[in-house]
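Below is one structure; the comments refer to it alone.
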Amino acid sequence: MREILTVANKEFHDGLRNRWLLSITLIFAVLSVGLTYFGAAASGSVGITSLSTTIASLASLAVFLIPLIALLLSYDSFVGEQEGGTLLLLLTYPLSKNQLLLGKFFGQGGIIALATFLGFGASALLLFVQHYQISILQTFAYFIVSATLLGLSFTAIAYIISLSANEKSKAAGAALITWFFFALVFDLALLALLVGTESSLNQNTLTQLMMLNPADIFRLVNLAGLDSSDVNGALAVAINAKLSQAQLIAILLSWVLAPLVIASIIFKRKKL
């Protein structure tokens, strides 16, 4: 465990030195606070008019930003070390491949988790001070936890890419394609399927298909308990699925663990 924490500490401090933590926190803070105030300005009033609208807007934007940031942060974690000749050097120390993998994951995951908490937590605190409603903190707690898990899932996916690529440039291209698929193409394909079958696709089947995309699970977690009038597209059909937020969080957690296990298997078989 000490070896894992040593690697995690190194990765976390690398993120601090490269301004990753500051940059991500500022992006999330500007996103959340900006949406809160501009949402209120659009209705001509002070403060938010609907928590549902605020969370729906945040989820719609965060679902594009968080996966992209996580992939950019982690896509070169292994292929970059290999190109620089430091990966082989690291493994000459009393450090197993799994310990190195987990250390990098905890370090880079810590950056995403802290940035998410600080960035979106600022908006939650601001809204709570204005309205003193405990439901605001509860809703944002689900949002922050699910946003963190979304970031961690794409960090683990980035490790699969990094361990499978033999060049940093190829890993960068694969990371962008992965983001494009999960953030845009998957939902468009789902919507095309829904239209092509003339809405005959039942709710359970649609919900099961959406479980294949961590970005959609993230949105379902945050929109499941909200007013469905703020939601459209394929999500509007799946929003009333009989899955609790806790169950959706558990499924999203599996999207963190499964890619991490796959990355571990690839790393063990990888010849350096």
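Numbers here simply count residues along the sequence, with the first being 1. Just so it is clear, the model here is predicted, and its values are computed rather than measured.
The shortest non-hydrogen separation linking I266 to S164 is CD1-OG, 3.8 Å. What you find for E167 and E83 is that their closest heavy atoms are CA-OE2, 3.2 Å. Of all non-hydrogen atoms in A158 and L71, the two that sit nearest each other are CB-CD2, 3.8 Å. Among all heavy-atom pairs drawn from A174 and I161, the shortest one is CB-CG2, 3.6 Å. For the residue pair L260 and A156, the shortest heavy atom distance occurs at N-CB, 3.8 Å. Contact between V221 and S146 at its shortest, heavy atoms only, is CG1-CB, 3.8 Å.
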Could you go step by step and tell me if N98 and K268 meet the side-chain contact (heavy atoms from CB on, under 4.5 Å) rule?
CA-CA 8 Å; N98 275 341; K268 283 181 180 179; 3.3 Å; yes
Assess the residue pair F181 and N213 against the criterion (side-chain contact (heavy atoms from CB on, under 4.5 Å)); give the C-alpha distance rounded to whole Å, side-chain angles, the decisive distance to 0.1 Å, and a yes or no.
CA-CA 10 Å; F181 173 78; N213 186 352; over 6 Å; no
Show your reasoning for whether side-chain contact (heavy atoms from CB on, under 4.5 Å) applies to L95 and T6.
CA-CA 10 Å; L95 183 70; T6 300; over 6 Å; no
Please walk me through it: do W255 and L152 pass side-chain contact (heavy atoms from CB on, under 4.5 Å)?
CA-CA 9 Å; W255 263 100; L152 294 178; over 6 Å; no
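Follow the hydrophobic side-chain contacts under 4.5 Å out from I160 and you reach L176 in the same cluster. Both L184 and F186 are members of a single hydrophobic cluster when ILVMFWY side chains are connected at heavy-atom separations under 4.5 Å. Cluster membership check: L188 does not share its hydrophobic cluster with F180, using side-chain heavy-atom separations under 4.5 Å among Ile, Leu, Val, Met, Phe, Trp and Tyr. Transitive grouping of hydrophobic side chains (ILVMFWY, heavy atoms separated by less than 4.5 Å) keeps I27 and L22 in distinct clusters. Grouping the Ile, Leu, Val, Met, Phe, Trp and Tyr side chains by contacts below 4.5 angstrom, directly or via other members, places L16 with I112.
For the pair V256 and L252, the minimum side-chain heavy-atom distance is 4.5 Å or more. For the pair F106/V7, no side-chain contact is recorded, criterion being any heavy-atom separation below 4.5 Å from C-beta on. At a threshold of 4.5 Å between non-hydrogen side-chain atoms, the residues T25 and F117 do not count as touching. Contact of the K168 side chain with the E81 side chain is not registered, since no non-hydrogen atoms from C-beta on lie closer than 4.5 Å. In this structure, I217 and M211 have side chains that are in contact, with non-hydrogen atoms separated by less than 4.5 Å. Using a 4.5 Å cut-off on side-chain heavy atoms (C-beta onward), Q108 and S77 make contact. With a 4.5 Å cut-off on side-chain heavy atoms, F140 and I55 count as touching. Contact check for T155 versus L73: no side-chain heavy atoms found under the 4.5 Å cut-off.
No option in L100, L101, L102 other than L100 meets the side-chain contact (heavy atoms from CB on, under 4.5 Å) test with K104.
Here CD1 of I262 is found 12.0 Å from CG of L163. Values are rounded to the nearest 0.5 Å. Of the inter-residue distances, the one linking L26 atom CG with L31 atom CG reads 12.0 Å to the nearest 0.5 angstrom. To the nearest 0.5 Å, the span separating OG1 on T116 from CG on L149 amounts to 10.0 Å. Rounded to the nearest 0.5 Å, atoms CD1 (I144) and CZ (F28) are 11.0 Å apart. We find the CG-NZ distance between D14 and K10 to be 4.5 Å, quoted to the nearest 0.5 Å. Residue L5 holds its CG atom at 4.5 Å from CE of M1, rounded to the nearest 0.5 Å.
The backbone N or O of G119 sits less than 3.5 Å from a side-chain atom of S32, completing a donor-acceptor pair. In terms of modelled atom types and a separation under 3.5 Å, the side chain of S162 and the main chain of Y75 share a donor-acceptor contact. Counting only distance, with no hydrogens or angles, the side chain of K170 and the backbone of A165 share no donor-acceptor pair below 3.5 Å. Checking side-chain atoms of S96 against main-chain N and O of Q99 turns up a donor-acceptor pair under 3.5 Å.
With ring centers used as reference points, F143 lies under 6.0 Å from F218.
In the hydrophobic clustering, V79 connects to no other residue, as no ILVMFWY side-chain heavy atoms lie under 4.5 Å from its own.
Within the structure, ring-ring contact (aromatic ring centres under 6.0 Å, His included) pairs that include any residue of residues 147-176 comprise F78-Y159, F154-F182 (at least two apart or interchain).
With sequence neighbours excluded, no residue satisfies side chain to side chain donor-acceptor pair (under 3.5 Å) with S153.
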